[in-house]
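Report on one structure; see the data block that follows.
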Amino acid sequence: MRSTPSRRATATGALITAAALLAVGVQTNGATAAPVSGTAAPAAAVKGADPGALPAQLSPSQRAELIRQAGATTAATAQELGLGAKEKLVVRDVVQDVDGTTHTRYERTLDGLPVLGGDLVVAESKAGKTEGVTKASKATTAQLKAVSTAADIAPAAAEKQALTAAKADGSKSTEASKAPRKVVWLASGTPQLAYETVVGGLQHDGTPNELHVITDASSGAKLYEWQAIENGTGNTQYSGTVTLGTSGSGSSYNLTDTGRGNHKTYNLNNGTSSGTGTLFSGPDDIWGNGNPTNVETAAADAHYGAAETWDFYKNVMGRTGIRGDGVGAYSRVHYGNSYVNAFWSDSCFCMTYGDGSGNKAPLTSLDVAAHEMTHGVTSNTAGLNYSGESGGLNEATSDIFATGVEFYSNTATDPGDYLIGEKIDINGNGTPLRYMDKPSKDGASKDSWYSGLGSIDVHYSSGPANHFFYLLSEGSGAKTVNGVAYNSPTSDGLPVTGIGRDKALQIWYKALTTKFTSTTNYAAARTGTLAVAGELYGTGSTEYAGVANAWAAINVGSRPGGSTDPEPGGTVFQNTTKKALVDRGTTTIPVVVSGVTGNAPSNLSVAVDISHTWRGDLVLDLVAPDGTAFRLKNSSLSDSADNVVETYTVNASAKAANGTWNLRIQDVYSGDTGTFNSVKLTF
């Protein structure tokens with residue numbers, strides 16, 4: 001008998017866990033991609049936004065056509081961008097705005113070798129004019145041209161080095177899952193020939209291992225590593241009776257959601273193999289009983305979560321499936337024995353869930369499932385490296401959209417909140433896994449950016465971005481949302497007014513898909529989200545100021561005007577003597593302060609004017625008379641704009657006002673030069 005799709009409800013006992021799981025092209029010479037009709041976002045999300053700048057809802061066939069068109073003109077695009085003769089572009093993804101603007105994401109090759117960290121996004125108007133290019137690296141064509149493709153060490157040496165690195169990380173059953181491949185490594189700045197080795201086996205906690213190790217092809221030294229299995233622990237959610245998309249009729253049904261890309265849910269039966277396991281099937285269309293001892297209950301959770309996350313991305317963001325191609329990923333439940341984690345894997349294009357401590361709390365809660373599926377979305381858009389600051393932003397992106405899915409789903413037993421993993425009690429004391437209003441409440445995450453943030457675990461370096469999203473959505477201070485009390489601080493002690501969660505989600509999504517690259521760090525994320533806010537609402541809008549204020553509140557960038565007062569009063573001390581900056585060196589500008597009683601203010605205004613052709617080269621610090629440095633600006637390989645003309649605010653209230661203050665300007669990359677024009681301190 002022909003299988004027919006059906007909508008079915010799960011039986012419920014006390015509670016039933018509900019996990020929410022999932023749910024343009026550059027035209028250079030002549031031909032342009034026609035805009036598609038319809039907007040992606042509901043009215044609540046786009047009120048006041050430029051409707052043309054919103055993401056268009058592309059069908060899989062429309063997206064495929066845009067990719068085809070972009071693929072037909074990669075040579076012309078490479079020429080327009082000034083790439084070398086041996087450099088080629090490969091289309092990775094295309095998204096389109098309602099007004100026809102296309103954002104085409106490319107990977108790059110050099111003499112046939114993949115250039116890791118060479119990805120870029122080209123924005124082009126409906127008329128075919130290139131409007132902007134965002135690159136993961138600022139390396140020049142001349143630098144790439146100088147890279148030799150002849151290795152000094154053998155692939156076997158690179159594999160040995162990679163296996164050693166994996167074992168040092170606690171890997172078990174360690175082996176290379178494929179032979180090392182020769183690549184050009186660009187993500188760390190200067191291009192160099194390297195090997196990429198993928199190490200398999202298991203991680204220390206039983207999670208599958210897909211550790212990518214980059215080895216210098218000349219010296220054999222490790223250059224970088226990242227884990228492709230992207231983890232996120234959360235809580236089991238009991239959602240009562242829910243409706244699932246299944247397939248079958250009569251006395252034969254299975255967990256295949258034909259309305260959502262044929263997403264399937266499989267039973268691994270406590271195994272840890274790389275296979276799919278067994279597709280859940282049965283004689284009726286009733287799945288689970290709300291008790292984790294019933295093997296179908298976790299399956300119902302994961303299947304429901306997949307449907308809710310799929311619907312969120314399609315109905316709110318206009319994205320049909322993780323890749324935008326209408327194809328559903330699949331879910332695997334009952335992984336391992338008492339495995340307290342869940343993970344996304346690109347290699348299987350699937351989400352996998354453990355059953356938690358004692359196999360009593362499957363990690364299939366709505367926010368955990370949405371978190372894992374979002375790792376897939378990030379992988380297929382910005383491709384944020386799962387290490388350093390970009391890894392923290394990767395994790396935060398999953399938390400941000402997991403929160404969006406919870407509010408979108410509005411499940412009666414789990415209304416939306418700004419808590420991650422609040423249902424399964426992983427900590428054993430009833431507390432959530434992560435808090436977005438004040439991330440440090442979990443004991444490990446950070447509330448604000450600092451210079452060493454990229455060196456900690458990505459699940460904790462995600463804290464500042466989660467905090468940014470909460471502040472942008474709800475604002476600072478005490479607030480109660482859906483019965484949950486929050487109290488969000490700011491790093492500069494100044495208040496933030498939220499612009500609303502729907503707008504915050506739209507801004508982050510568009511930045512992820514059109515501005516972020518594999519190497520985006522916190523400074524570049526600020527640049528990208530501000531650019532998007534400007535496109536959607538204008539640079540003079542409340543929303544634009546809200547984005548800037550929320551970043552400043554986690555110590556990334558400055559507030560518009562330097563503080564809440566657009567023209568703060570006080571005594572001004574300045575240095576206006578122009579001075580050429582030292583390329584790839586440090587320039588120090590003194591400002592002598594005298595006649596001020598007591599300490600400096602808590603909102604010391606620092607107005608900086610610097611001419612520079614690639615401001616991402618620059619790191620700026622204000623150094624107090626006692627040598628204490630206050631970070632004003634970080635470097636960013638992705639920030640290619642010219643000049644630094646900004647007013648920063650620092651809390652210097654613990655420092656004596658009088659004495660010589662210094663603006664320290666570090667140019668950390670060579671090739672671009674600049675001039676210091678002025679600095680003004682307002683006490």
Counting C-beta onward and ignoring hydrogens, is there a side-chain heavy-atom pair between [X] and [Y] closer than 4.5 Å?
X	Y	value
Ile400	Asn466	yes
Ile665	Leu663	yes
Asn575	Pro590	yes
Arg434	Leu419	no
Ile214	Leu116	yes
Arg108	Leu144	yes

Does either side chain, that of [X] or that of [Y], offer a donor lying less than 3.5 Å from an acceptor on the other one?
X	Y	answer
His375	Asn394	yes
Ser653	Asn651	yes
Thr519	Asn385	no
Asp442	Ser445	yes
His467	Ser488	yes
Thr529	Trp551	yes
Glu474	Tyr486	no
Asn658	Ser594	no
Thr587	Lys579	no

Just checking [X] against [Y], ring centres under 6.0 Å apart?
X	Y	value
Tyr537	Tyr544	no
Tyr435	Tyr418	no
Phe469	Trp508	no

Exercise for the section: Quick one: sort the Tyr224 and Trp185 rings into parallel, tilted or perpendicular, breaks at 30° and 60°. Expected result: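 Because their plane-to-plane angle lies in the 30° to 60° range, the rings of Tyr224 and Trp185 count as tilted.
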
Handout entry: Parallel, tilted or perpendicular: ring planes of His459 versus Tyr386, cut at 30 and 60 degrees
Key =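 Perpendicular.
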
Problem - Within 6.0 Å of CZ in Phe630, more than 12 heavy atoms from elsewhere - result: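 Above 12, so yes.
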
Exercise for the section: Can you sort out the partners of Thr490 under side-chain contact (heavy atoms from CB on, under 4.5 Å), two or more places apart, ordered by chain and number? Expected result: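 Once residues adjacent in sequence are excluded, the partners of Thr490 under the side-chain contact (heavy atoms from CB on, under 4.5 Å) criterion are Leu471, Ser476, Asp492, Val496, Ala553, Arg559.
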
Exercise for the section: Using the six-membered ring of Phe407, assess whether NZ or CZ of Arg501 lies under 6.0 Å from its centre and within 45 degrees of the ring axis. Expected result: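 Arg501 over Phe407 ring: yes.
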
